[in-house]
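The sequence lines fix the lettering, A, B, ..., with proteins before strands; numbering per chain opens at 1.
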There are 2 protein chains.
Amino acid sequence: MTQKMAGTGRRGAANQRADAQRNRAKILAATVTAIRKNPDASLSDIAAEAGTGRQTLYGHFRTRPELIDAALADSIERGEEVLSQVPLDGDPVEAFQRLVASSWVLVDRSRALLAAAQKELPATRIREMHEKAEARMRGLLERGQNEGAFRSDLPVSWLLTTTHVVMNGAAEEVRADRLDPEDAPWFIDAILLPAFTSPAQPGQPR
Amino acid sequence: MTQKMAGTGRRGAANQRADAQRNRAKILAATVTAIRKNPDASLSDIAAEAGTGRQTLYGHFRTRPELIDAALADSIERGEEVLSQVPLDGDPVEAFQRLVASSWVLVDRSRALLAAAQKELPATRIREMHEKAEARMRGLLERGQNEGAFRSDLPVSWLLTTTHVVMNGAAEEVRADRLDPEDAPWFIDAILLPAFTSPAQPGQPR
DNA sequence: ACCAACTCATACGTGCATGTCTGACTTGTA
DNA sequence: TACAAGTCAGACATGCACGTATGAGTTGGT
């Protein structure tokens with residue numbers, strides 16, 4: 001809702017017809033769902049999913065990477081609207097739980113798109129888009145470490161990776177019908193909290 | 001070295017020339033490395049990586065799925081030779097550490113191939129190939145639960161998934177040069193052991 | 001040394017996805 | 001209502017990967 005430079009696709013760009021804006025949104029949404037069904041979905045598939053002609057799609061996005069980029073950027077922007085509302089102050093552990101619970105849903109929704117993007121977009125671009133979200137989580141983990149709530153014998157980057165990876169694992173299990181989406185946040189916490197709050201641990205401290 | 005029914009590729013099948021066997025092996029190995037470099041490697045790429053002509057490849061494997069299948073089966077078979085040597089008795093936690101340390105290397109080596117296989121092979125086939133390895137790990141986790149070494153408030157399937165997922169995460173970090181391969185097993189244990197051995201935990205027990 | 005097994009270059013056919021173009025048609029908007 | 005903006009079907013060019021020949025040349029085994 002803020003910057004909306006709209007630069008990506010259309011000809012003139014600035015003045016879009018209401019009609020066109022709706023189609024653009026439909027295509028963006030369809031990209032997510034189509035790629036979720038089939039990670040290698042073609043532009044035809046996506047256009048079909050959106051209920052629009054292939055030509056219309058090309059009218060909005062000149063190339064495939066451009067579409068993927070726009071779809072991912074859109075997803076992330078919507079995610080930001082949710083994540084930025086999560087209160088991060090107070091007990092780091094509780095804040096972490098809140099943030100994970102909110103993030104989980106987003107990850108579950110757009111991880112297929114992310115995977116597709118990793119194939120077609122430069123890694124730097126993807127990092128750039130995730131910047132805010134990553135900084136938020138990293139900041140919280142760091143604070144947790146400083147306050148002694150999270151263990152400090154592991155680098156924040158590894159805690160971050162672990163968090164991502166476990167959320168993705170849960171998403172996979174849900175997709176394979178081996179896990180109820182409702183239970184996912186609890187399962188994730190059940191792994192991450194003890195893993196992150198544990199003291200130095202018996203294993204060799206190196 | 002045991003069953004080797006050789007049925008997959010060649011014409012006569014039973015009697016292979018020494019020459020041909022070597023090429024077959026080279027191609028299998030090249031498949032792993034080529035796909036690791038580029039998950040979408042074409043058969044040309046793989047043949048080139050193997051230092052052989054594309055036609056030779058087709059002489060051994062009639063179709064792409066057949067090649068992928070053979071390469072994955074081969075990788076897993078080699079893995080089995082290692083994993084079957086790991087002693088699983090004694091303290092479950094220590095056994096788990098041993099098994100993870102050995103598995104990790106294998107996962108790191110062939111996870112790209114696995115991903116490719118998931119696209120081209122029926123899921124049942126992949127499960128079938130992983131049967132032994134999965135049963136081994138599952139059995140150990142179950143024993144650990146029964147003996148009270150691992151927590152029992154989470155299903156074994158979720159412990160299993162978590163293990164996979166964390167090992168894969170470590171592999172990704174290594175690939176991105178953010179983690180030293182030497183440290184990986186320790187990082188993995190540092191997450192999994194507290195996560196698996198922790199008692200009921202403060203969080204809502206449901 | 002001989003024959004079969006194998007390799008490999010070249011070439012061909014096919015299917016599919018991307019991206020471009022054209023022209024007729026519909027729909028917003030001023 | 002008139003015009004620009006947008007939609008959409010159809011056709012076309014291109015490139016790539018797969019899979020299938022064919023034939024001449026090598027190489028292994030006996």
Side-chain angles (χ1 to χ4, degrees), chain A residues 6-31 34-35 37-71 113 115-117 119-121, chain B residues 6-31 34-35 37-71 113 115-117 119-121:
Chain A
T8 7
R10 213 54 178 175
R11 328 179 200 287
N15 39 1
Q16 294 243 134
R17 222 166 68 178
D19 194 3
Q21 285 182 12
R22 238 176 311 148
N23 271 334
R24 190 189 144 95
K26 274 201 295 181
I27 291 171
L28 253 21
T31 303
I35 289 210
K37 288 183 195 170
N38 168 18
D40 294 321
S42 74
L43 295 190
S44 297
D45 297 335
I46 295 175
E49 176 79 36
T52 144
R54 199 165 67 98
Q55 305 321 307
T56 304
L57 191 157
Y58 275 103
H60 287 281
F61 309 96
R62 270 198 290 275
T63 78
R64 185 176 224 276
E66 193 173 304
L67 170 62
I68 301 291
D69 188 298
L113 179 61
K119 271 198 208 171
E120 329 213 11
L121 266 38
Chain B
T8 6
R10 213 56 177 171
R11 327 179 200 288
N15 39 0
Q16 295 244 134
R17 225 166 65 179
D19 194 4
Q21 285 183 14
R22 239 176 310 149
N23 271 332
R24 189 190 145 95
K26 275 202 295 184
I27 292 172
L28 252 21
T31 302
I35 290 208
K37 289 182 193 168
N38 168 18
D40 293 321
S42 72
L43 295 190
S44 298
D45 297 334
I46 295 176
E49 176 79 34
T52 143
R54 199 165 66 99
Q55 303 324 306
T56 304
L57 192 156
Y58 274 104
H60 287 281
F61 309 97
R62 271 199 287 274
T63 79
R64 184 176 226 276
E66 193 174 304
L67 170 63
I68 302 291
D69 187 299
L113 179 61
K119 270 198 208 171
E120 328 213 11
L121 266 37

Length of the [atom1]-[atom2] vector between [X] and [N], whole Å:
X: D40(B); N: dG15(D); atom1: CG; atom2: P; answer: 20 Å
X: D45(A); N: dT18(C); atom1: CG; atom2: P; answer: 8 Å
X: L67(A); N: dA17(C); atom1: CG; atom2: P; answer: 15 Å
X: L57(A); N: dT20(C); atom1: CG; atom2: C1'; answer: 14 Å
X: Y58(B); N: dA11(C); atom1: OH; atom2: P; answer: 18 Å
X: R62(A); N: dA17(C); atom1: CZ; atom2: P; answer: 23 Å
X: L43(A); N: dT14(D); atom1: CG; atom2: P; answer: 20 Å
X: I27(A); N: dC8(D); atom1: CD1; atom2: P; answer: 9 Å

For a quick test of reading the model: is some side-chain N or O of [X] closer than 4.0 Å to OP1 or OP2 of [N]?
X: H60(B); N: dC6(C); value: no
X: T52(B); N: dC8(C); value: yes
X: N23(B); N: dC6(C); value: no

Spacing of CG belonging to N23(A) relative to CD belonging to Q16(A), to within rounding of 0.5 Å
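Reported to 0.5 Å precision, the distance equals 10.0 Å.
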
Rounded distance (nearest 0.5 Å) linking atom CD1 of I46(B) with atom CD1 of I68(B):
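Taking CD1 in I46(B) and CD1 in I68(B), the distance rounds to 5.5 Å.
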
Taking for each residue the nucleotide of DNA chain D bearing the nearest heavy atom, is the 5' side occupied by S44(B) or by G53(A)?
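Its nucleotide being nearer the 5' end, the pick is G53(A).
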
Scan nucleotides 22-30 of chain C nucleotide by nucleotide, 5' to 3', and note B when protein non-hydrogen atoms come under 4.0 Å of the base, S if they reach only the sugar-phosphate, - if neither.
-----BSS-

Walk me through it: do D45(A) and K37(A) pass the test salt bridge (charged side-chain N to carboxylate O under 4.0 Å, His left out)?
CA-CA 10 Å; D45(A) 297 335; K37(A) 288 183 195 170; over 6 Å; no

Candidate list L43(A), L57(A), D69(A), test side chain to side chain contact (heavy atoms under 4.5 Å, CB included), partner R64(A), passing option:
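When side chain to side chain contact (heavy atoms under 4.5 Å, CB included) is applied between R64(A) and each of L43(A), L57(A), D69(A), only L43(A) qualifies.
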
For [X] versus [Y], what's the shortest heavy-atom pair and its separation?
X: G51(A); Y: K26(A); answer: O-NZ, 4.4 Å
X: T31(B); Y: A71(B); answer: CG2-CB, 3.7 Å
X: E66(A); Y: F61(A); answer: OE2-CA, 3.7 Å

Below 3.5 Å, does any donor atom in the side chain of R54(A) face an acceptor in the base of dG10(D), or the other way round?
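No pair found.
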
